[in-house]
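Notes follow once the structure below has been shown.
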Amino acid sequence: MPLAISASGVRRPTSTHATPVARATALVALLASALPLSAHATNGYFAHGYGAQSLGAAGVAVALPQDALVIASNPAGISALGSRLDAGLTYFAPRREASIQGSPVPGLNGQYDGNGKKNFWIPEFGYTRQLSPTLSAGLAVYGNGGMNTRYERNPYAAIGGQGRAGVNLEQLFISSAVSYKLNAQHSLGAALNLVHQRFSAEGLQGFDQSGFSSSPGNVTNRGTDTSNGVGLRLGWLGELTPELKLGFAWASSVRGRFDKYKGLFADQGNFDIPASYGLGLSYQLTPRWQLGADYQVIQYSDVKPVNSPLGAFLTGKKLGDDAGPGFGWKDIDVIKLAVIHRHSDALTLRAGYSHAKQPIPSDQTFFNVLAPGVMQDHVTLGFTWKTSAQGEWTGYAAHAFSKTVSGQSSIPANLLGGGEANIRMKQNILGVAYGWKF
């Protein structure tokens, strides 16, 4: 059973002339075919931050614009950056494990390794341009989130699963932004998010039957499905004192649908990217020391296939039904803290810590074996080295501490015999980027 985010499809116009939205989503699909997408997750299935400088500071960015990827957090921040270009690459190494115990079903109990694919590469690109003293524009291309598991030994083989099991979700955002300075202290920004999604699932044949799904044949092993959609991000950045800045950002949900998997996802394959919002502050403690903090909320509960619990089976619902069984995820809030030290004119050092609420309840672990987005705590270190008046290199490292969620009443006894599923994940992340000011 997969965990996925999707963006809404765009209908073709009946005339022979493509609409601007249709042309834009076609461009998204073209770029997606050219760029290597990678599945990744830290806060649920969202990335913990965007841009190498922010990622070295635990993802803090709402009131702390540092590079052009701030568009992905708060588009109002580009007013503080001038004109610059940033390009980076992240190496992401998650480790996913599961175990099932106490089941009377022969062959279901055991240890399962979900690391059939261990290493992922995530590119990002950002560009900002100051058009006038009050107006700036920018473009960012980045992976917003994702999820991947691949179990060579199928955890669901004992109940009909065949071959290996797993899911793969990849999500590309292309965000064009503008920011307007109301005055010397306050800026407003907006970004149009064009989103391309890819999703696939395999090894779930035990659920691909009329007793479990409203659309048998559309549950598993349908290959990769794609979806394009459009969303909006709005932001504000304000300077309350010369030392203190505050920020606010909000991103809309994005409607979506995976038709190939309409027998798997609730509401006949509909699947939205959830809305999110964040508050941030930064404080210039001394000329060389700066503090930052973000508070973020991701509204997973507004997405029915993500929020609906496994227990919906017990009310007569099937996979793919309206409000059918899902993952039982809850909203999460995330607290991010950062400290930045400008050691010299050439070298800046960063460190950060992030804590997220865990979205998966202990009674929802059985389906989430394929989507163990349980991470809560991670630490980061980063640096920027200026090589010239215009150029700079940034690097960072992050470690998400191992987290286990042990199942409690997680396998329904009257449906699948009972027992418990336990899920575990940890992550290591390394990244490098080059920035150019002009």
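A ring-ring contact (aromatic ring centres under 6.0 Å, His included) with Phe199 is found for one member of Phe265, Tyr45, Phe271 and no other, namely Phe265. Partner of Tyr396 under the side-chain contact (heavy atoms from CB on, under 4.5 Å) criterion, out of Thr384, Val432, Thr90: Thr90 alone.
Formation of a donor-acceptor pair under 3.5 Å by the Glu243 side chain with backbone atoms of Gln284 is not found in this model. Formation of a donor-acceptor pair under 3.5 Å by the Arg350 side chain with backbone atoms of Gly56 is not found in this model. Using modelled atom types, one side-chain atom of Arg153 and one backbone atom of Gln111 make a donor-acceptor pair closer than 3.5 Å. A donor-acceptor contact shorter than 3.5 Å is absent between the side chain of Asp333 and the backbone of Gln296. Within the 3.5 Å criterion, the main-chain N or O of Ala52 finds a donor-acceptor partner in the side chain of Glu124. No donor-acceptor pair closer than 3.5 Å links the side chain of Tyr112 to the backbone N or O of Glu152. In this structure, the side chain of Asn74 engages the main chain of Val62 through a donor-acceptor pair within 3.5 Å. Looking only at distances, a side-chain donor or acceptor of Asp267 sits under 3.5 Å from a matching main-chain atom of Ala323. The closest donor-acceptor contact from the side chain of Asp272 to the backbone of Gly256 lies under 3.5 Å. Formation of a donor-acceptor pair under 3.5 Å by the Ser54 side chain with backbone atoms of Gly49 is not found in this model.
Distance check: His341 NE2 to Leu347 CG gives 8.0 Å after rounding to the nearest 0.5 Å. For the atom pair CG (Leu232) and CG (Leu192), the distance works out to 7.0 Å, reported to the nearest 0.5 Å. Phe258 CZ to Arg198 CZ: the interatomic distance, rounded to the nearest 0.5 Å, is 11.0 Å. Here CG of Asp67 is found 12.5 Å from CD1 of Ile78. Values are rounded to the nearest 0.5 Å. Here the CG-CD1 distance, from Leu55 to Ile429, works out to 7.5 Å after rounding to the nearest 0.5 Å. For the atom pair CG (Asn307) and CG (Asp302), the distance works out to 8.0 Å, reported to the nearest 0.5 Å.
Side-chain contact, Thr220 with Asp208: no donor N or O sits under 3.5 Å from an acceptor N or O. A side-chain donor from one of Gln171 and Asn144 sits under 3.5 Å from a side-chain acceptor of the other. If you check the side chains of Lys437 and Gln390, you find no donor sitting under 3.5 Å from an acceptor. Between Ser200 and Asn168, the side chains place no donor N or O within less than 3.5 Å of an acceptor N or O (distance only, hydrogens not considered). Side-chain contact check for Arg96 and Asn115: at least one donor-acceptor pair (N or O, by modelled atom type) lies under 3.5 Å. Residues Asn221 and Gln205 bring a donor and an acceptor atom of their side chains to less than 3.5 Å of each other. A donor and an acceptor atom, one from each side chain of Ser410 and Asp363, are nowhere located under 3.5 Å apart.
Residue Ala165 comes nearest to Pro155 through the heavy atom pair CB-CD, 3.9 Å, listed as atom of the first residue, atom of the second, then distance. Between Pro361 and Pro359, the shortest heavy-atom contact is CD-O, 3.3 Å. Heavy-atom minimum distance, Val369 versus Ala98: CG1-CB, 3.8 Å. Residues Pro274 and Ile298 come closest through the heavy atom pair CG-CG2, 4.1 Å. Across Ala201 and Tyr261, no two heavy atoms sit closer than the pair N-OH, 3.2 Å. Between Ala177 and Ile71 the shortest heavy-atom distance is CB-CG2, 3.8 Å.
No side-chain heavy atom of Ser136 sits less than 4.5 Å from a side-chain heavy atom of Tyr180. The side-chain heavy atoms of Val297 and Ser276, taken from C-beta on, include no pair separated by under 4.5 Å. Using a 4.5 Å heavy-atom threshold, the side chains of Ser179 and Ser187 count as touching. Between Arg424 and Val374 there is no side-chain heavy-atom pair separated by less than 4.5 Å. Leu370 is listed as a side-chain neighbour of Tyr151, based on a closest heavy-atom distance under 4.5 Å. Using a 4.5 Å cut-off on side-chain heavy atoms (C-beta onward), Glu202 and Leu204 make no contact. The side-chain heavy atoms of Val60 and Leu337, taken from C-beta on, include no pair separated by under 4.5 Å. Using a 4.5 Å heavy-atom cutoff, the side chains of Leu281 and Lys245 are not in contact.
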Run the numbers on Phe207 and Tyr156 for ring-ring contact (aromatic ring centres under 6.0 Å, His included), then give the verdict. CA-CA 9 Å; Phe207 301 102; Tyr156 305 110; 5.8 Å; yes
Let me see the working for Asp322 and Gln268 under side chain to side chain donor-acceptor pair (under 3.5 Å), right down to the final yes or no. CA-CA 7 Å; Asp322 291 343; Gln268 298 82 48; 3.2 Å; yes
Yes or no on side chain to side chain donor-acceptor pair (under 3.5 Å) for Tyr353 and Thr380, after CA distance, side-chain angles and deciding distance? CA-CA 6 Å; Tyr353 166 77; Thr380 67; over 6 Å; no
Kindly determine whether Asn119 and Tyr91 satisfy side-chain contact (heavy atoms from CB on, under 4.5 Å), including the steps that lead there. CA-CA 7 Å; Asn119 304 312; Tyr91 166 71; 2.6 Å; yes
side-chain contact (heavy atoms from CB on, under 4.5 Å) between Gln427 and Met375: does it pass, once the steps are laid out? CA-CA 8 Å; Gln427 300 169 353; Met375 302 315 308; 3.4 Å; yes
Let me see the working for Glu392 and Arg84 under salt bridge (charged side-chain N to carboxylate O under 4.0 Å, His left out), right down to the final yes or no. CA-CA 11 Å; Glu392 59 188 25; Arg84 63 178 293 141; 2.8 Å; yes
Criterion side-chain contact (heavy atoms from CB on, under 4.5 Å) on Phe173 and Ile273, from CA distance to verdict: CA-CA 11 Å; Phe173 268 49; Ile273 299 172; 4.0 Å; yes
Let me see the working for Trp236 and Phe248 under ring-ring contact (aromatic ring centres under 6.0 Å, His included), right down to the final yes or no. CA-CA 5 Å; Trp236 162 76; Phe248 174 78; 8.2 Å; no
Go through the steps for Asn154 and Arg164 under the test side-chain contact (heavy atoms from CB on, under 4.5 Å), then give the verdict. CA-CA 5 Å; Asn154 192 329; Arg164 69 188 185 192; over 6 Å; no
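The aromatic rings of Phe46 and Tyr300 stand perpendicular to each other, their planes meeting at an angle above 60°, with 30° marking the opposite boundary. A perpendicular orientation is assigned to the rings of Phe401 and His399, their planes being inclined by more than 60° (bins at 30° and 60°).
Trp250 and Tyr277 have their aromatic ring centers separated by at least 6.0 angstrom.
For Asn183, the CG atom is densely surrounded, since the number of other residues' heavy atoms within 6.0 Å is greater than 12.
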